[in-house]
Structure formats: structure tokens, C-alpha cells
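Here's the structure we're looking at; comments come further down.
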Amino acid sequence: MNLTMAVLTITIILSCILATIAFWLPQMNPDSEKLSPYECGFDPLGSARLPFSLRFFLVAILFLLFDLEIALLLPLPWGDQLAYPTTALLWAMTILILLTLGLVYEWTQGGLEWAE
């Protein structure tokens, strides 16, 4: 109990010191370029409200979907420690088959073609 309280106290004190230093250390001298909505160094040439391509949106959604697949399959190596490891394998195969069917559908519909 004594070691736990010492570690907790050191952690809290160190966190407070680092947060205080991070708050007071940086110098805030914003200029007109930093306060502008575009920080790229030149004035905007057109409106920022122009619509973008729907194909770009679809490819971005597909990327997020397949990125989510990795997060769903991440606990799979620990599935063999369950009472019934075949259940984890069944769910993993279900996710992979569903995503494969979705990819085949998008491919056949032409959703993956960037240029026409």
C-alpha cells in the first residue's frame, strides 16, 4: 500500500508540473497569417464551399470501413484462449466474408474507379 501511494503521488505531482510547464512555456504571438483561416501562406483563390467529388467521398468511406476491419479483427489472437475458440473464428470469418462481399459489390458497380 505504501509503494502504491508513493507511485500515485509521484505520478500526480509530475503530471501537474508538466501540465503547468506546457501551459506557461509557449509564447503566444499570433500574427495576421496565423489568424487567417488558411495557414498555407497565400490568399485563397476560390470559395471554400465548393462541392467535392462524390467518388472521393466513397473512396474515403471505403478506406474507413477497411480500417475499421482491422480494429474488429485485432482481438482475434486472444480468441484461442476462450472456452470455445471456434466462436471467435466464426465471427472473424463472418466479418471477413461480409467485407469481401461488399468489396466485390463496390468493384462490380464501379465504385473503385477513380477516373472515368
Would you tabulate the side-chain donor-acceptor contacts of residues 91-99 under 3.5 Å, counting partners in other chains and residues two or more places apart, or write 'none'?
from	atom 1	to	atom 2	distance (Å)
Thr94	OG1	Leu90	O	2.7

With [X], which residues qualify under side-chain contact (heavy atoms from CB on, under 4.5 Å), at least two apart?
{"X": "Ser15", "answer": "Thr11"}
{"X": "Leu14", "answer": "Leu18"}
{"X": "Ile12", "answer": "Leu8, Cys16"}
{"X": "Ile17", "answer": "Ile13, Ile21"}

Side chains of residues 58-69: which donor-acceptor pairs under 3.5 Å do they make with residues two or more places apart or in other chains?
none

Report summary line: Here the gap from Leu103 atom CG to Tyr105 atom OH, rounded to the nearest 0.5 Å, amounts to 13.0 Å
